**Student:** 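Sending over a structure as structure tokens; questions will come in a sec.
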Amino acid sequence: MLSHENNASVDYDVVLIGAGIMSATLAVFLKELQPDLEIAIFERLDRVAAESSDAWNNAGTGHSALCELNYTPQREDGSIDISKALKIIESFEVSKQFWSYLVGDGYFSSPKSFINSIPHMSFVWGEEDVDYLRKRHEALQTSHLFKGMEFSDQPEILASWMPLVMQNRTESEKIAATRIELGTDVNFGELTRSLFNHLKEGHEIEVFLNHEVKSLEQDEMRHWFVKVEDETNDINKTVRAKFVFIGAGGGALRLLEKSDIQEGEGFGGFPVSGQWLVCKNEALIAQHHAKVYGKAKVGAPPMSVPHLDTRIIDGKKELLFGPFAGFSTKFLKQGSFFDLAFSLTPHNILPMLSAGIHNLPLTKYLIEQVMLSFEDKIEALREFIPNATESDWELAVAGQRVQVIKKDEEEGGVLEFGTEVIASADGTLAALLGASPGASTSVSIMLELLHKCFKDQMASEAWTAKLNEMIPSYGKHLADDPQLTHRVRQWTHEVLQLNHIGILRNSGI
Ligand SMILES: Cc1cc2nc3c(=O)[nH]c(=O)nc-3n(C[C@H](O)[C@H](O)[C@H](O)COP(=O)(O)OP(=O)(O)OC[C@H]3O[C@@H](n4cnc5c(N)ncnc54)[C@H](O)[C@@H]3O)c2cc1C
């Protein structure tokens with residue numbers, strides 16, 4: 001389909017920029033909903049899923065608000081707001097349904113290659129935080145979606161849940177934790193690779209590696225002309241598409257700016273880099289079996305909450321602690337130090353400055369994190385594993401995140417920690433900015449995009465029927481429907497080979 005002559009113009013129905021989990025999910029949706037669509041994907045690196053979606057670049061948490069305390073803020077009156085938590089858990093249930101459908105459709109050799117049951121725990125210390133965790137637990141127990149979560153401040157119970165964390169602690173320490181078996185660890189890199197492999201083999205999509213998209217422009221016919229550099233052969237090409245998705249992760253902001261759509265004006269990006277401590281001691285790795293999330297420090301961005309995680313990466317059990325945040329001007333791990341400077345435009349310079357002024361605690365936090373030595377990081381780990389020794393751990397660089405900065409009437413510019421789908425009014429282009437809660441919610445985010453850009457098709461009987469088949473809870477709220485929750489969990493946990501018995505026992509339905 002793609003001509004190899006300079007500046008040749010060819011037609012695709014859909015061009016996806018970037019081969020991460022987001023483009024993979026959108027490509028699957030589109031091919032399942034309309035198999036005759038001609039789709040091309042352009043990726044600047046020599047393999048798919050090598051940026052944020054790679055297992056070592058993210059934390060692999062199937063975000064469901066089972067352990068992440070930032071989704072349950074405390075109100076001024078002391079009560080706990082669980083509305084965000086309900087949204088996140090529903091969204092992950094949607095992802096599990098989508099992946100279960102794909103298992104049945106032959107996308108994966110085994111679901112265990114990308115998703116595994118790992119208990120999710122929240123762990124706090126100090127009177128105030130223990131009180132918060134108790135209240136959070138009580139508040140979450142009002143929803144059937146969180147049934148099965150246990151709270152304890154008893155040392156012997158905590159020791160049975162997380163022996164490594166409880167070693168060498170004094171009885172007088174005020175600590176508490178919650179634990180739920182429903183949690184998962186997801187290898188989003190493997191998931192992405194499996195989706196692309198299946199799409200290439202069974203659905204005839206074209207994936208062009210070593211192809212960097214340089215710019216894009218729309219003509220009066222509303223077609224997009226996408227300029228691509230083929231880095232292997234050192235030639236430039238132009239392809240024409242009816243619809244373009246900028247799923248370029250950290251590279252998305254720059255391309256959105258180049259598209260010149262009005263809806264993209266005023267957005268800026270603030271890069272946050274990360275590092276993990278990775279355990280090298282097999283005996284320690286074997287002793288821990290949970291994702292244990294702590295509480296964020298003052299000024300810390302929500303996604304920088306420290307956690308001690310059992311991971312299953314390429315079939316092997318691993319133990320990671322972090323992420324430690326940092327600052328780099330790169331927007332992609334394999335990007336350029338000029339990324340931040342090149343992202344500045346007359347439309348976003350004020351929002352960027354204003355967001356900087358309004359987020360001084362974050363700036364202070366990042367400076368402190370950058371200054372941490374290896375020994376300081378081990379000291380931070382000792383809050384979780386009191387016995388931790390330097391020789392058991394090494395540092396690894398995590399993926400790069402670009403937090404969204406948005407124009408704001410009152411403040412000039414605000415820093416956002418979520419994701420944002422930006423679509424042109426004519427529905428021919430969409431971009432995804434931001435990185436949290438990220439890959440776990442890729443299915444809901446892509447559904448949102450489809451609703452924005454494929455309105456008529458999404459309202460059609462054919463697409464609605466297919467979506468209902470793929471996602472039985474499509475269009476419904478699991479938070480309002482315990483029976484449906486029970487049914488979809490029974491199905492997804494059986495198909496994805498997750499902790500099935502525990503779910504049935506704990507569902508309380
Ligand atoms: C430290 C860290 C921890 C995280 N933890 C979690 C977690 O526990 N759970 C969770 O759900 N999410 C987590 N996330 C978020 C999650 O990793 C991301 O939301 C998700 O991977 C984003 O997928 P994507 O497809 O948008 O981007 P990416 O996976 O980054 O893919 C974008 C692709 O676009 C390519 N590209 C960029 N520019 C161009 C161009 N001009 N032309 C062609 N190709 C281009 C890139 O090379 C890349 O391959 C974490 C992220 C980080 C950094």
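No hydrogens, no waters, no symmetry mates; every other heavy atom, side chains included, goes into these values. Order of appearance sets the numbers: ligands from 1, and atoms from 1 within every ligand. Values in this document were obtained by computation on a predicted structure and should not be read as measured data.
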**Student:** So, is A49 polar-close to ligand 1, with some N/O to N/O distance under 3.5 Å?
**Tutor:**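 In fact, backbone or side chain, A49 has no N or O that close.
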**Student:** Between F123 and Y293, is the ring centre distance below 6.0 Å?
**Tutor:**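 Between F123 and Y293, the centre distance exceeds or equals 6.0 Å.
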**Student:** What are the two closest heavy atoms between A388 and R382, and how far apart are they?
**Tutor:**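 Result for this residue pair: O-NE, 2.9 Å.
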**Student:** Measure T192 to ligand 1 on non-hydrogen atoms and call it side chain, backbone, both or neither using the 4.0 Å cut-off.
**Tutor:**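 For T192, no heavy atom sits under 4.0 Å from ligand 1.
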**Student:** Would G399 count as a contact of ligand 1 if the rule is a heavy atom under 4.0 Å away?
**Tutor:**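 So G399 counts as touching ligand 1.
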**Student:** Give the numbers and elements of all ligand 1 atoms closer than 4.0 Å to a heavy atom of F188.
**Tutor:**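 Matching atoms, with element in brackets: 9 (N), 10 (C), 11 (O).
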**Student:** Examine R44 against ligand 1 and note whether any of their N/O atoms are separated by less than 3.5 Å.
**Tutor:**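 Among all N and O atoms of R44, at least one is under 3.5 Å from an N or O of ligand 1.
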**Student:** With K84 as the cation and Y71 as the aromatic partner, state whether NZ or CZ is under 6.0 Å from the six-membered ring centre and within 45° of the axis.
**Tutor:**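 No - K84 does not lie over the ring of Y71 by the 6.0 Å and 45° rule.
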**Student:** Between D339 and R254, is the closest basic N to carboxylate O distance under 4.0 Å?
**Tutor:**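 Between D339 and R254 there is no salt bridge, as every charged N stays at least 4.0 Å from the carboxylate O atoms.
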**Student:** Can you check whether G438 has an N/O within less than 3.5 Å of an N/O in ligand 1?
**Tutor:**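 Not met; the criterion fails.
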**Student:** Aromatic ring centroids of F331 and F342 under 6.0 Å?
**Tutor:**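 So the answer is no for these two rings.
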**Student:** Less than 3.5 Å between some nitrogen or oxygen of A59 and one of ligand 1, yes or no?
**Tutor:**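 Looking only at distances, the answer is yes, because the N/O contact criterion of under 3.5 Å is met.
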**Student:** Number the atoms of ligand 1 from 1 as they appear, then name those within less than 4.0 Å of a heavy atom of M22, with their elements.
**Tutor:**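 Those of ligand 1 that fall under 4.0 Å from M22 are 23 (O), 24 (P), 25 (O), 26 (O).
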**Student:** At a non-hydrogen distance cut-off of under 4.0 Å, which region of H211 contacts ligand 1 (side chain, backbone, both, or neither)?
**Tutor:**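 Just the backbone.
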**Student:** Give me the atom names and distance for the closest heavy-atom approach of G268 to L253.
**Tutor:**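 Closest heavy-atom pair between G268 and L253: C-CD2, 3.6 Å.
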**Student:** Under 4.0 Å from ligand 1, counting heavy atoms only, is it the side chain of N57, its backbone, both or neither?
**Tutor:**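 Just the backbone.
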**Student:** Show which atoms of ligand 1 fall inside a sub-4.0 Å distance from at least one heavy-atom site of L255.
**Tutor:**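 Counting from 1, the qualifying ligand atoms are 41 (N).
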**Student:** So is V213 polar-close to ligand 1, meaning N/O to N/O under 3.5 Å?
**Tutor:**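 So ligand 1 has an N or O lying under 3.5 Å from an N or O of V213.
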**Student:** Output the list of atoms in ligand 1 that are nearer than 4.0 Å to some heavy atom of T61, sorted by atom number.
**Tutor:**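 This gives 7 (C), 8 (O), 9 (N), 10 (C), 11 (O) as the contact atoms.
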**Student:** Look at atom 23 (O) of ligand 1 and find which of G250, S53, G434, A19 reaches it with the closest heavy atom.
**Tutor:**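 Looking at heavy atoms only, the winner is S53.
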**Student:** Is there at least one pair of N or O atoms, one from S440 and one from ligand 1, spaced under 3.5 Å apart?
**Tutor:**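 Yes, S440 has an N/O under 3.5 Å of an N/O on ligand 1.
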**Student:** Using a 4.0 Å heavy-atom threshold (strictly under), name the region of P323 that reaches ligand 1: side chain, backbone, both or neither.
**Tutor:**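 It is neither; nothing of P323 touches ligand 1.
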**Student:** Give yes if a backbone or side-chain nitrogen or oxygen of E43 is under 3.5 Å from a nitrogen or oxygen of ligand 1, and no if not.
**Tutor:**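 N/O-N/O distance under 3.5 Å: yes.
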**Student:** Does ligand 1 have a heavy atom under 4.0 Å from the side chain of H63, from its backbone, from both, or from neither?
**Tutor:**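 It is the side chain that gets close, since no backbone atom is under 4.0 Å.
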**Student:** Using atom types as modelled and distance alone, determine if a side-chain donor or acceptor of D13 lies under 3.5 Å from a backbone N or O of E38.
**Tutor:**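 The answer is yes, because a donor-acceptor pair under 3.5 Å joins these two groups.
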**Student:** Please report the closest heavy-atom contact between L66 and S122, naming both atoms and the distance.
**Tutor:**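 Nearest pair, atom of L66 first, then S122: O-OG, 4.0 Å.
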**Student:** Taking heavy atoms and a distance under 4.0 Å, where does I17 meet ligand 1: side chain, backbone, both or neither?
**Tutor:**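 Just the side chain.
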